[in-house]
Amino acid sequence: MIQQEIVLNKPDDMHLHLRDGDMLSAVAEHSARDFARAIIMPNLVPPVTTVQDALSYRQRIFAALGGDTSFEPMMTLYLTASTTRYDLEKAAASDMVKAVKLYPAGATTNSDSGVRDIQKSYRLFETMAELGLPLLVHGEVTDKEIDIFDREAIFIDSVLDPIRRAIPELRIVMEHVTTKNGVDYVASADSNLYATLTTHHLMLNRNAMLVGGLRPHYYCLPILKREEHRQALRAAATSGDARFFLGTDSAPHLSDAKESACGCAGVFSAANSLGCLATVFEEEKALVNLNAFTSINGANFYGLDINDVKIRLIRTSEPAIFPEHIGVGTETVTVFDPGMPIYWHVDHSITL
Ligand code: NCD
Ligand code: ZN
């Protein structure tokens, strides 16, 4: 018999872009509705590099939610060439800051302040290991001559593995892992290596973006990969393995900025991720492991209590209807459309 409902501890989104200003005001409620907490990415312009920046950004997030404090933004610092030991000590001493994010310079949206010479950051990585502060990595090399579809695999060999060998005590999350290489690397590690997986990489391969017309709303970084990689991601996500957890990488851009001759990278999936994920787990006959992926594994990694609040997802006979767009002033952000009917949605009519 088809399962018709599933109750989850309220999920945590361990990789989320909320932006700032009008965009923040428009998108924040969509995460707060379905998620209890989120790891907030620091790639604003200028980036969030100090605890002081992070705390004021956190206040702006609460203000955007109208003072609702039931959603907890967990802040991160953006590692730059100017980051100091003092910045890291302050971060480790602050309950509100949970991790430090490494963007190789030029890897993705607003990453110009990122690290150019990773060797120069090794002392900071040692400090983070001492302080127990996790390092979140955008795992792609940025050398111009490296093919975009190979950038994650090459990052593992040329950047990540050397860091792990030099500083094995450093706790690392490979953010938005998108390849079988990444999954296998994480699965083969004895300790201190974890990965987040996005909703859209579990649902789509690169054909969805490129065949029968170019679909800019599927363009994101790391870029969608071939089917064998998607299958590896699905196996990891649905396995229950505690090293893999949800980070939607919901990354809103104005629709016009994506539907452009040079479109921005990012998929806005905060509004419908959970229905999509229930679909993936149902297809993989692994609904029993959905709660581990959305609500347990990530919390355990960050040393947090599992959320007491519960949410219910229901399966309906008609496809769920999600908004196509949300408004940002006079403009819009396009909501992730996986291109297939989604029969699951979060039942917001009850509190459990
Ligand atoms: C993100 C963004 O727009 O901030 N874009 C994306 O495609 N995922 C940056 C990132 O996480 O790489
Ligand atoms: Zn991201």
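Note that the numbering runs from 1 along the sequence shown for the chain. For ligands, and for the atoms within them, numbers begin at 1 and follow the listed sequence.
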Q) How about Lys310 and Asn9: do any of their side-chain heavy atoms sit closer than 4.5 Å? A) yes

Q. Looking only at heavy atoms, is any part of Val267 under 4.0 Å from ligand 1, and if so is it the side chain, the backbone, or both, or is it neither?
A. neither

Q: State yes or no: do Leu197 and Leu8 share one hydrophobic cluster built from I, L, V, M, F, W and Y residues joined by side-chain heavy-atom distances below 4.5 Å, directly or via other members?
A: yes

Q. Got a sec: does the CZ of Arg123 have more than 12 other heavy atoms crowding it under 6.0 Å?
A. no

Q: Consider ligand 1: state whether an atom of it lies below 4.0 angstrom from any non-hydrogen atom of Lys258.
A: no

Q: Give the residue and atom name of whichever protein heavy atom lies nearest to atom 5 (N) of ligand 1, and the separation in Å to one decimal.
A: Ala265 O, 3.1 Å

Q) To the nearest 0.1 Å, how far is atom 9 (C) of ligand 1 from its closest protein heavy atom, and which atom is that? A) Thr108 OG1, 3.2 Å

Q.
Under 4.0 Å from a heavy atom of His253: which atoms of ligand 1 are those, numbered in the order shown and with their elements?
A. 3 (O)

Q) Is Tyr103 close to ligand 1, meaning an N/O of one under 3.5 Å from an N/O of the other? A) no

Q) atom 7 (O) of ligand 1: which protein heavy atom is closest, and how many Å away? A) Leu221 N, 2.7 Å

Q. Within a reach of under 6.0 Å around CG of Asp308, are more than 12 heavy atoms found that belong to other residues, nucleotides or ligands?
A. no

**Q.** Contact partition for Met41 relative to ligand 1, non-hydrogen atoms under 4.0 Å
**A.** neither

Q.
If you consider just the N/O/S atoms, which atom of Asp249 is the closest one to the Zn ion (ligand 2)?
A. OD1

Q. So, are Glu175 and Lys101 salt-bridged, with charged N and O less than 4.0 Å apart?
A. no

Q.
Please check if the number of heavy atoms outside Glu227 that lie under 6.0 Å from its CD is greater than 12.
A. yes

Q. Side chain to side chain contact (heavy atoms under 4.5 Å, CB included) between Lys90 and Gln52: does it pass, once the steps are laid out?
A. CA-CA 9 Å; Lys90 282 204 72 176; Gln52 204 181 349; 5.8 Å; no

Q: Assess Glu175: does it contribute an N, O or S atom lying under 2.8 Å from the Zn ion (ligand 2)?
A: no

Q. Can you give me the NE2-the Zn ion (ligand 2)-NE2 angle for His15 and His17, to 10°?
A. 110°

Q.
Counting only heavy atoms, tell me which of Glu175, His17, His138, His15 gets closest to atom 1 (C) of ligand 1.
A. His17

Q: Return the residue, atom name and 0.1 Å-rounded distance of the protein heavy atom closest to atom 8 (N) of ligand 1.
A: Asp249 OD2, 2.7 Å

Q | Side-chain heavy atoms of Thr248 within contact of Phe35, under 4.5 Å | A | yes

Q.
I'd like to check Tyr122 versus Pro162 (side-chain heavy atoms, cut-off strictly below 4.5 Å). Are they in contact?
A. yes

Q) Between Cys220 and ligand 1, is there a nitrogen or oxygen pair with a distance under 3.5 Å? A) no

